[in-house]
Amino acid sequence: MSMPRLPLVRWVALFWGFVSVFPIGLNYAAFFALAAAMVWQGGWRLRLERLRSQPNWLPAWLLLGWCALVLAFGSHYPETASNAFHVLRIVLTLALALALARDEAQWALRGFGLGIAVVLALMALDLAVGLPPNPAWNKVVHYGGNKSLSNALLMALAASAGLLLLPLLPARWRALALALALGALGVLGTVLHSRTAWLIVVAGVLAGLLHQLRAQRQRQLLATALVAALALSAALLLPGIRDRLTLGAHEVASAYAGEQVDESSSWGVRFRLYTETLAMVRERPLAGWGIGCWNAQWKARTGPELSSSNMPHNDFLWIGAQTGVPGALLLLWLMAAGLPRAWRRRDMSGRLGVVALLSMLMAVSANSALRDASIGLSMWFIVLVFQRLSTEPETVWTGANAPP
């Protein structure tokens, strides 16, 4: 008699969902553990069929192929190996997430929800009694570095999904989802001051409502007006948001006027990053400057006051500078491939797939949310789990089966 197989992939997926809000080392551990668990558990033929059915299958291979050509025939730099690894890691993360079975993807989101709850509890404890310094939670409970930004983006996605799920959930889960959503919004307004995260909340809720009310034009307009009014009220009344937006507008205006920009100017630096990287793309639009080129080109084009920047804070520009316009378009196709199928669905699975993929597109347009593994290992995985569930034949978000 054969012994029953341990559902190891399910538990590793739960683990990755949970540690998505914790330091990058745990996310890398989950990445390799999930790959090992899939090899150990077997069933690769079914997983391969699942991957081949995903809309990302073709653009993933084309992106890898184009990057391989640029790598083979283009220029090489000190960072060529690391940048090539990150391209491969982006595609492998996609493959691992989209190869999950339905129940494994559900367990990954269970872990994600539990991780958000634990982080909110840690933040509450830190505010109440003050937590001692510890690498496990320093960047989790305080704003500093890209891991804090990653958590802000993940909380924005969690808040959007939680708010959209409220009408569907039974009473006991509705209270929990509302508490987590409000807690995440509270953290975004007081601790993790990320303008991108607030844009994700606004755009995510609006996209979800438009998806739900697609056949009701008047209600769509009403929902758009209501979300816009709430967003404007938050921008005017909440100091954490208002001050950051005002500062950002001033920084962009100063950079556009030609004033000197330094590393303390967040949006001013982005203005310079985008203009210089666009110039790189225009100068070599077909195959770019070569994988790993960006830092060398950036340092050659800017002064010492900006030399510490190591990414352009826009992944389409990052890949475009290295592999040309074809590479940027292939990355966009790879990321957006799941949107049409999710939008065509008229249930919560499609709705949350749209919200998650839109959130990721916004994140990579304003930050290095794929290139930087501090964000790209965690948020990319969670977003793809939402996409994976949006391709299931039947919805997984029902009152009898919530939350997944």
Side-chain angles (χ1 to χ4, degrees), residues 13 31 34-35 38-39 43-74 83-102 104-105 108 207 211 281 285-288 290-291 314-345 349-350 352-365 368-371 373 376-377 379-393:
F31 172 87
L34 186 58
M38 286 185 175
V39 171
W44 269 101
R45 179 174 297 180
L46 183 58
R47 294 193 188 279
L48 183 59
E49 291 176 0
R50 196 176 291 133
L51 275 176
R52 290 173 62 89
S53 70
Q54 297 293 326
N56 316 76
W57 175 260
L58 178 59
W61 281 111
L62 291 176
L63 177 63
L64 287 177
W66 182 254
C67 289
L69 287 175
V70 174
L71 187 62
F73 298 104
N83 278 252
F85 166 76
H86 285 297
V87 172
L88 181 61
R89 186 256 305 159
I90 290 165
V91 175
L92 288 179
T93 302
L94 179 141
L96 290 173
L98 297 184
L100 293 172
R102 168 178 169 148
E104 295 162 350
H211 181 276
V281 177
L286 179 59
I291 292 178
N314 180 301
D315 284 322
F316 300 120
L317 293 178
W318 166 71
I319 199 73
Q322 298 185 103
T323 64
V325 174
L329 292 177
L330 287 171
L331 181 63
L332 175 61
W333 184 13
L334 174 79
M335 297 186 64
L339 269 173
R341 183 184 296 186
W343 180 261
R344 287 194 296 268
R345 293 188 66 135
S349 293
L352 294 185
V354 167
V355 170
L357 291 167
L358 178 63
S359 299
M360 195 72 210
L361 287 169
M362 294 178 66
V364 301
S365 299
S368 297
L370 281 177
R371 159 62 182 86
L377 262 177
M379 187 174 183
W380 185 222
F381 174 72
I382 296 300
V383 165
L384 289 167
V385 171
F386 276 108
Q387 180 190 319
R388 168 67 190 89
L389 291 175
S390 75
T391 62
E392 278 293 300

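Residue numbers count from 1 along this sequence.
Side chains of Gln387 and Asn56 form a contact here, defined as non-hydrogen atoms less than 4.5 Å apart. When side chains are defined from C-beta on, Leu352 does not count as touching Leu389, because their heavy atoms never get closer than 4.5 Å. Residues Val87 and Leu71 form no side-chain contact, since every pair of their non-hydrogen atoms from C-beta on lies 4.5 Å or further apart. For the pair Arg102/Pro393, no side-chain contact is recorded, criterion being any heavy-atom separation below 4.5 Å from C-beta on. At a threshold of 4.5 Å between non-hydrogen side-chain atoms, the residues Met335 and Leu370 count as touching. Contact of the Arg371 side chain with the Asn83 side chain is registered, since non-hydrogen atoms from C-beta on lie closer than 4.5 Å. Residues Phe386 and Met360 form no side-chain contact, since every pair of their non-hydrogen atoms from C-beta on lies 4.5 Å or further apart. Between Leu100 and Leu384, every side-chain heavy-atom pair lies at or beyond the 4.5 Å cut-off.
A side-chain donor-acceptor contact under 3.5 Å links Arg388 and Thr391.
The two atoms that bring Ala337 and Pro59 nearest to each other are CB-CG, 4.4 Å, heavy atoms only. Contact between Gly353 and Ser390 at its shortest, heavy atoms only, is CA-CB, 4.2 Å. Pairing each heavy atom of Trp57 with each of Leu48, the nearest pair is CH2-CD1, 3.8 Å. Considering every non-hydrogen atom in both Ala97 and Phe381, the closest pair reads CB-CD1, 3.9 Å. Between Leu286 and Pro326 the shortest heavy-atom distance is O-CD, 3.2 Å. Nearest heavy-atom pair, Arg50 versus Ala101, reported as atom, atom and distance to 0.1 Å: NH1-N, 3.4 Å.
Judged by distance alone, the side chain of Trp380 and the main-chain N or O of Thr93 form no donor-acceptor pair under 3.5 Å.
Taking CH2 from Trp66 and CG from Leu329, the interatomic distance works out to 10.5 Å, rounded to the nearest 0.5 Å. In this structure, CD on Glu49 lies 12.5 Å from CD on Gln54, to the nearest 0.5 angstrom. Separation of atoms CH2 (Trp44) and CG (Leu51) is listed at 7.5 Å; rounding is to 0.5 Å. The CE atom of Met379 sits 5.5 Å away from atom OG of Ser359, with the distance rounded to the nearest 0.5 Å. The CZ atom of Phe316 sits 5.0 Å away from atom CG of Leu332, with the distance rounded to the nearest 0.5 Å. The line from OG of Ser349 to CZ of Arg341 is 13.0 Å long, rounded to the nearest 0.5 Å.
Of the options Ile319, Leu63, Leu58, Leu64, a side chain to side chain contact (heavy atoms under 4.5 Å, CB included) to Leu330 is made by Leu63 and by none of the others.
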